[in-house]
Amino acid sequence: MKKLLLAGALLVISAAPPPAKDAGFDLLFTNARVVDGTGAPWFLADVGVRGGKIAAVGRLSGSRARRTIDASGLVVAPGFIDLLGQSEYNVLVDGRAASKITQGITTEVTGEGESIAPTDEKRIAENEDVYKKYGVRPDWRTLDQYFASLERRGTAINLGTFIGSGGVRAMVVGMEKRPATPAELKRMEALVDQAMREGALGVSSSLQYIPNIYSDTAELVALAKVAARYGGAYFTHQRSESGRLSASLDEVFTIAREAKIRAQIWHLKTAYKPNFGRMPEILKKIEDARAEGLDVAANQYPWNRGSNGLDACLPPWVREGGREALLKRLADPAIRERVKADMAKEAADWENQYLGAGSAEGVMVAEVLDPKLKAYEGKTIAAIAAAEKKDPRDAVIDIVLADRANAGCIISIMDEKDVRAALANPLVSFGTDSPAKATDGPLSHETSHPRGWGSAARILGYYVREEKVLRLEEAIRKMTSFAAEAAGLPDRGLVKPGFAADLAVFDPATVRSNATFETPNRYSDGFRYVAVNGVLVIDDGKITGKTPGRAVRGPGYRKSPKASTPAKKP
């Protein structure tokens with residue numbers, strides 16, 4: 001047992017006693033600087049892994065092991081938990097999850113407003129363009145079936161998901177702007193109840209996007225109450241990240257209070273220039289809510305630019321009804337002119353990301369689905385419009401039409417001081433808000449936001465080592481145990497006997513992100529070994545191709561005696 005005097009308090013770090021020498025380990029890291037995920041200072045120890053679990057932490061010299069790795073000079077930390085990973089489809093296409101494991105991410109949480117399941121034929125048809133390109137079409141309808149398909153195909157990372165209230169609304173109400181009827185709300189509640197029993201981590205919303213934008217607070221409270229009955233959480237892309245931010249936060253607090261549920265704000269930001277500098281005020285509001293007794297917190301990605309669909313530059317009314325309705329409207333010259341007019345003016349009832357990003361100069365095409373449009377990637381709307389001699393708003397609409405509303409963009413909407421203020425706050429965890437990709441294979445052909453390739457490495461290398469915005473141990477706490485508590489993952493997030501052997505082993509002197517906005521598709525440096533459930537997915541800096549990841553299920557999971565089995569792999 002080690003005793004450290006820290007900030008006037010006696011901190012006790014317990015290490016498990018060494019096992020019997022004939023017990024043996026599958027994997028043994030020796031001479032490591034263990035940063036255990038609690039926020040406590042690192043300590044020198046060995047870490048033994050057996051049967052996919054951490055078996056011992058302490059002085060284990062002389063113990064037998066199938067594989068012993070000298071971790072001298074390296075940090076052994078819990079694998080990082082990405083609280084908004086977005087890889088639920090991509091890991092079916094390429095299970096290596098390469099851009100995530102190469103920055104130490106071992107578990108992803110996903111399901112932002114819309115989740116991979118449950119689903120139906122209408123929702124599947126909305127994404128047919130993606131399925132045709134990548135060759136993986138849903139062979140599931142329920143969450144149980146999705147998890148079975150995920151584990152059958154194999155994944156390098158663990159993955160858990162929220163049930164998206166927007167997806168549930170799309171299945172029951174559709175994409176129309178109207179309240180749910182009492183009967184429809186009961187059906188939505190039933191879908192949430194089923195998903196919670198099948199392992200959803202809670203219920204989520206994404207309140208700037210259709211159809212979730214049409215959900216009122218009462219509807220969200222009702223769905224959150226169902227999740228709360230099973231010990232789940234409420235995670236949200238809140239209704240406003242800019243001019244209506246304070247009112248939006250109040251709605252989050254209302255849902256947490258009335259549903260008696262813990263809540264997490266996804267990718268916290270104070271967006272657009274009029275809101276630059278407001279992060280301390282917003283953090284104070286969260287702290288005050290916690291003082292009231294509400295279990296609310298937030299997460300962020302460590303970059304000052306955001307990213308989403310290029311069609312989100314258009315007003316919500318033109319997007320009502322889904323993809324085909326949007327494309328049909330944009331083909332009408334009169335509607336196009338109305339859209340352009342709305343893009344050019346401030347609005348109180350929607351988040352105008354085109355105007356908020358500074359218009360054409362602040363919007364860059366990040367990725368397209370149609371390979372014929374590849375030349376647009378990495379170029380701003382201003383540059384595209386100048387080259388094609390057209391109004392920048394026409395350039396946006398033309399690309400949305402040409403790529404069938406599949407194009408993504410990067411938007412300059414945040415201030416670096418606000419990013420740092422959130423990063424330094426103990427209540428703000430971590431998420432990439434991006435799906436896993438790779439520098440080779442089927443997911444290598446589109447560019448993307450660098451946050452999906454190097455967010456964890458950027459925090460450790462740039463903000464911890466170089467800028468000293470926060471301590472190494474605190475950064476790791478935020479990305480591990482704090483994130484695990486928020487998502488409801490009781491056996492992950494600590495280097496502790498009995499916990500899952502998800503481990504990130506890196507060199508604190510060399511860890512860094514290589515991804516930039518200009519060249520995002522680059523792996524991070526410094527991660528020597530990454531283990532998922534005790535199996536190395538990164539070995540001496542190289543991707544092994546192994547897929548030991550699992551579906552991680554929430555506290556409401558009830559294993560069905562008649563587990564649904566998906567169809568054969570297409």
Side-chain angles (χ1 to χ4, degrees), residues 85-93 95 108-155 158-176 180 183-206 209-212 215 219 223 226-227 230 232 235 321-324 435 549-554 556-570:
Q86 310 277 31
S87 296
E88 60 269 35
Y89 180 76
N90 282 23
V91 290
L92 304 179
V93 176
E108 272 199 14
V109 172
T110 188
E112 184 191 9
E114 292 196 20
S115 46
I116 193 83
T119 191
D120 59 17
E121 297 307 318
K122 288 188 301 180
R123 294 189 66 214
I124 289 170
E126 275 280 305
N127 294 304
E128 202 63 58
D129 293 345
V130 173
Y131 305 146
K132 286 178 180 177
K133 176 164 184 175
Y134 293 111
V136 178
R137 198 171 188 277
D139 57 2
W140 63 87
R141 296 299 180 270
T142 68
L143 186 57
D144 240 1
Q145 291 170 344
Y146 167 73
F147 280 150
S149 186
L150 173 74
E151 293 187 334
R152 179 171 53 82
R153 293 170 186 270
T155 170
N158 306 304
L159 190 139
T161 185
F162 282 77
I163 178 169
S165 60
V168 168
R169 182 173 239 275
M171 289 176 67
V172 176
V173 181
M175 306 294 277
E176 293 78 31
E184 287 170 337
L185 183 56
K186 283 188 178 181
R187 174 60 181 147
M188 291 165 67
E189 290 172 340
L191 286 171
V192 172
D193 187 272
Q194 179 182 344
M196 292 303 298
R197 287 183 282 109
E198 292 180 352
L201 300 173
V203 68
S204 70
S205 64
S206 188
Y209 304 109
I210 292 170
N212 239 164
S215 300
E219 178 182 302
L223 300 181
V226 177
Y230 292 96
F235 276 36
R323 187 189 310 275
E324 296 305 326
R550 300 172 187 162
V552 289
R553 296 173 172 86
Y557 177 55
R558 307 287 187 267
K559 188 172 183 179
S560 171
K562 297 179 180 179
S564 301
T565 304
K568 291 183 179 181
K569 184 176 179 179

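Position 1 is the first residue of the sequence; numbering continues from there. For clarity, every value in this text was computed on a predicted model and none was experimentally measured.
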Donor-acceptor under 3.5 Å (N158 side chain, V552 main chain): no

Do Y230 and D193 have side chains that approach each other closer than 4.5 Å (heavy atoms only, starting at C-beta)? yes

Using every non-hydrogen atom in the two residues, find where G174 and P211 come nearest and quote the distance to one decimal. O-CB, 3.9 Å

Is any side-chain heavy atom of Y557 less than 4.5 Å from a side-chain heavy atom of D144? yes

Parallel, tilted or perpendicular for Y146 and W140, by the 30°/60° rule? perpendicular

Check: S115 side chain, I163 main-chain N or O, donor-acceptor pair, under 3.5 Å: no

May I ask you to test the T110-F162 pair for a side-chain heavy-atom distance under 4.5 Å? no

Is it true that a side-chain atom of S205 and a backbone atom of G113 form a donor plus acceptor pair closer than 3.5 Å? no

Quick check: are there more than 12 heavy atoms from other residues, nucleotides or ligands sitting under 6.0 Å from NZ of K186? no

Approximate separation, where rounding is to 0.5 Å, of I116 CD1 and L92 CG: 6.0 Å

Min side-chain heavy-atom separation V173-M188 under 4.5 Å: yes

Under 3.5 Å: donor-acceptor pair, side chain of T155, backbone of V91: no

Less than 4.5 Å apart, side chain to side chain, heavy atoms only: is that true for L150 and L159? yes

Start with the C-alpha gap between Y89 and Y131, add the side-chain angles, then the distance that decides, and say whether ring-ring contact (aromatic ring centres under 6.0 Å, His included) holds. CA-CA 10 Å; Y89 180 76; Y131 305 146; 5.6 Å; yes

Excluding sequence neighbours, so at least two apart, what forms salt bridge (Lys or Arg N to Asp or Glu O under 4.0 Å) with E219? R169

Any sub-3.5 Å donor-acceptor pair from Q194's side-chain atoms to L191's backbone N or O? no

Any donor-acceptor pair under 3.5 Å linking the side chain of R123 with the backbone of P118? yes

Close side-chain approach of M196 and V192, heavy atoms under 4.5 Å: yes

Taking atom NZ of K133 and atom CG of N127, what is their separation to the nearest 0.5 Å? 14.5 Å

To the nearest 0.5 Å, atom CE of M171 lies from atom CD of E121 at 10.0 Å

Minimum side-chain heavy-atom gap F147-R553 below 4.5 Å: yes

Find the distance between CD (E126) and CG (D120) and round it off to the nearest 0.5 Å. 10.5 Å

Check the pair E128 / R323 against salt bridge (charged side-chain N to carboxylate O under 4.0 Å, His left out), numbers first and verdict last. CA-CA 11 Å; E128 202 63 58; R323 187 189 310 275; over 6 Å; no

Within the structure provided, determine whether R141 and I124 are in side-chain contact (heavy-atom separation under 4.5 Å). yes

d(T161 OG1, E114 CD) to nearest 0.5 Å is 11.5 Å

R187, CZ: over 12 other non-hydrogen atoms inside 6.0 angstrom: no

Is there a donor-acceptor contact under 3.5 Å from the side chain of R558 to the main chain of G556? yes

Short side-chain donor-acceptor distance under 3.5 Å, S149 and D139: yes

Please determine whether side chain to side chain contact (heavy atoms under 4.5 Å, CB included) holds for the pair E198 and T142, giving the CA-CA distance in whole Å, both sets of side-chain angles, and the decisive distance to 0.1 Å. CA-CA 8 Å; E198 292 180 352; T142 68; 3.6 Å; yes

Quick check against the 3.5 Å criterion: does E151 have a side-chain atom that pairs as donor or acceptor with the backbone of R550? no

Closest heavy-atom pair and its distance - S165, L223: CB-CD1, 3.7 Å

Kindly write out the residues that satisfy salt bridge (Lys or Arg N to Asp or Glu O under 4.0 Å) with D129, not counting sequence neighbours, or none if the list is empty. R404

Looking at E108 and S87, would you say the former's side chain and the latter's main chain have a donor-acceptor pair under 3.5 Å? yes

